[in-house]
Participant: 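Take a look at this one; I'll ask things after.
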Amino acid sequence: MALIVQKFGGTSVSDAERIRAVADHVARTRRQGNDVVAVVSAMGNSTDDLLRLAGEVSSTAPPREIDMLLTAGERISMSLLCMALADVGIQAASFTGSQAGIITDTAHTRAKILDVRPDRLRAAIDAGIVPVVAGFQGVSTEKDITTLGRGGSDVTAVALAAALGADVCEIYTDVTGVFSADPRVVPSARRLSRISFEEMLEMAATGGRVLMLRSVEFARNHHVPLHVRSSFTWEPGTWVVEEEDSMEHAIVSAVTHDTSEAKVTVLGVPDQPGIAAKLFRALADRSVNVDMIVQNTSEHGTTDISFTVPRVDLATAVEVAESLRDDMKFTEVTSDASIARVSVIGAGMKSHPGVTATVFETLANEGINIEMISTSSIRISCVVDESQVEDAMRALHEAFELGG
Ligand code: ASP
Ligand code: MG
């Protein structure tokens, strides 16, 4: 008998029929002799709808009130799921994040979990009751209701799985697992049966949209195996596990892409100690998250610095750079919003030289110019023109023989 945390995303509980299908599945899992804790997201797009409504009544929308509003979405799905479970003869009880013991910091709309005190859930499980928990929410150390950032129900599920010592955290979604590339762009993409936490982290950070980054970090740090699968077909999906258990041992596992970033270049920067520090401190002070950074070799004592930022922060980043013009004595700031990043990810890269060469050759053969490069021990990312990113993905997927 296992303890299984089952998390159902917004599409999995989008209407009455879907909620009844989820209830059937929870009941089935329970009747197979397992203990189940269900975690639910808000129905369909209801979080977006609530945010839109907030925007219509207020241009200020205080974050504390946004949080109170948004948590209503998950309360609706949790209580409806409990009702559907009652109909199929399963005893269940709903719990808000606060009731479930999710304690967070005070950062409204993007709170971090500080502690999980699952006593009430534990008591319910011991009494043969299925706890159904509202995802994405907690209560702060100041006793205010908080949310964990968009997509945060994954974090709730993983945190509860860790705190309860669950055997697995199943993440139910509208795709059948994690793919070797986005199948809408690369038709030959195939579902991976296993992948390591490290690979999944790199995927989540570089555009693989299946799991929220923070939930994967949490799962890795607390050794919670994840099973990403479909609530539409209920077939086995992708296991995210420790590297030694991930077994497939392909050199490259996946190709991801991300079109959410933009590039800023500061030209003619004096090549002196402290200059980069000034620029990136100023960006940090405005909460602009810088991703890739490239500095050219200097010529005549000046250099160029390029970096990428989220597209939504491009105007701020340019403004921050411009504001340092007198101080840094650079010549010009340019920006490009139509870039894309394509990344090749695989734990096997660590022990196989030549992957970088293959990536560059493949892009060269397609006539695709590489604007920036960054790597980790298991990832190679190239910034290319946005118009060429899909060709780049298909070519790389093919070059590393990732197709089914
Ligand atoms: N309902 C929240 C959102 O849409 C949390 C989640 O779905 O995980 O972001
Ligand atoms: Mg959602």
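Quick note: residue numbers are just sequence positions, from 1. We use all heavy atoms of the structure for the numbers below, so side chains are in, but hydrogens, waters and symmetry mates are not. Just follow the structure's listing: the first ligand is 1, and inside any ligand the first atom is 1.
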Participant: With atoms numbered from 1 as shown, which atoms in ligand 1 lie under 4.0 angstrom from a non-hydrogen atom of S153?
Facilitator: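 The atoms of ligand 1 under 4.0 Å from a heavy atom of S153 are 5 (C), 6 (C), 8 (O).
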Participant: Report the C-alpha distance between S41 and S153 in whole Å, list the side-chain angles of each, state the deciding distance to 0.1 Å, and finish with yes or no for side chain to side chain donor-acceptor pair (under 3.5 Å).
Facilitator: CA-CA 6 Å; S41 291; S153 297; 3.1 Å; yes
Participant: Give the numbers and elements of all ligand 1 atoms closer than 4.0 Å to a heavy atom of G151.
Facilitator: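 Once the distances to G151 are compared, the set is 3 (C), 5 (C), 6 (C), 8 (O), 9 (O).
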Participant: Considering only heavy atoms of R150, which atoms of ligand 1 have at least one such atom less than 4.0 Å away?
Facilitator: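 By the 4.0 Å cutoff, the relevant atoms are 3 (C), 4 (O), 9 (O).
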Participant: Looking only at distance, does D154 have an N or O less than 3.5 Å from an N or O of ligand 1?
Facilitator: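 Min N/O separation from ligand 1 is not below 3.5 Å for D154.
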Participant: So which of H227, K7, H25 actually passes side chain to side chain donor-acceptor pair (under 3.5 Å) with Y172?
Facilitator: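 Checked H227, K7, H25 against Y172; only one passes side chain to side chain donor-acceptor pair (under 3.5 Å): H25.
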Participant: So does R394 pair up with E366, basic N to acidic O under 4.0 Å?
Facilitator: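 No salt bridge links R394 with E366.
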Participant: Short list, please: which atoms of ligand 1 are under 4.0 Å from a heavy atom of S41?
Facilitator: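 Checking each atom against S41, I get 6 (C), 7 (O), 8 (O).
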Participant: Please work out whether any backbone atom (N, CA, C, O) or any side-chain heavy atom from C-beta onward of E74 is under 4.0 Å from ligand 1, and answer side chain, backbone, both or neither.
Facilitator: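 E74 to ligand 1: side-chain contact only, backbone stays beyond 4.0 Å.
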Participant: Mind checking whether K7 has an N or O less than 3.5 Å away from an N or O of ligand 1?
Facilitator: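 By distance alone, the answer is no.
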Participant: Could you tell me whether ligand 1 has any atom less than 4.0 Å away from a heavy atom of G10?
Facilitator: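 Contact absent.
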Participant: Does the T71 side chain pair with the main chain of Q137, one donor and one acceptor, at a distance under 3.5 Å?
Facilitator: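 Not a single qualifying donor-acceptor pair exists.
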Participant: Does any N or O of ligand 1 fall below 3.5 Å from an N or O anywhere on F136, backbone included?
Facilitator: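 Checking ligand 1 against F136, no N or O pair falls under 3.5 Å apart.
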Participant: Please identify which of these residues, T297, T334, N296, meets the side chain to side chain donor-acceptor pair (under 3.5 Å) condition with D304.
Facilitator: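 Considering T297, T334, N296, a side chain to side chain donor-acceptor pair (under 3.5 Å) with D304 is found only for N296.
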Participant: May I ask you to establish whether R184 and F179 are in a cation-pi arrangement, using a distance under 6.0 Å from NZ or CZ to the six-membered ring centre and at most 45° from the ring axis?
Facilitator: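 Geometry flag: not set, cation outside 6.0 Å or 45°.
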Participant: For F307 and F280, take the angle between the two ring planes, folded into 0 to 90°, and tell me which bin it lands in: parallel under 30, tilted 30 to 60, perpendicular over 60.
Facilitator: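 Perpendicular.
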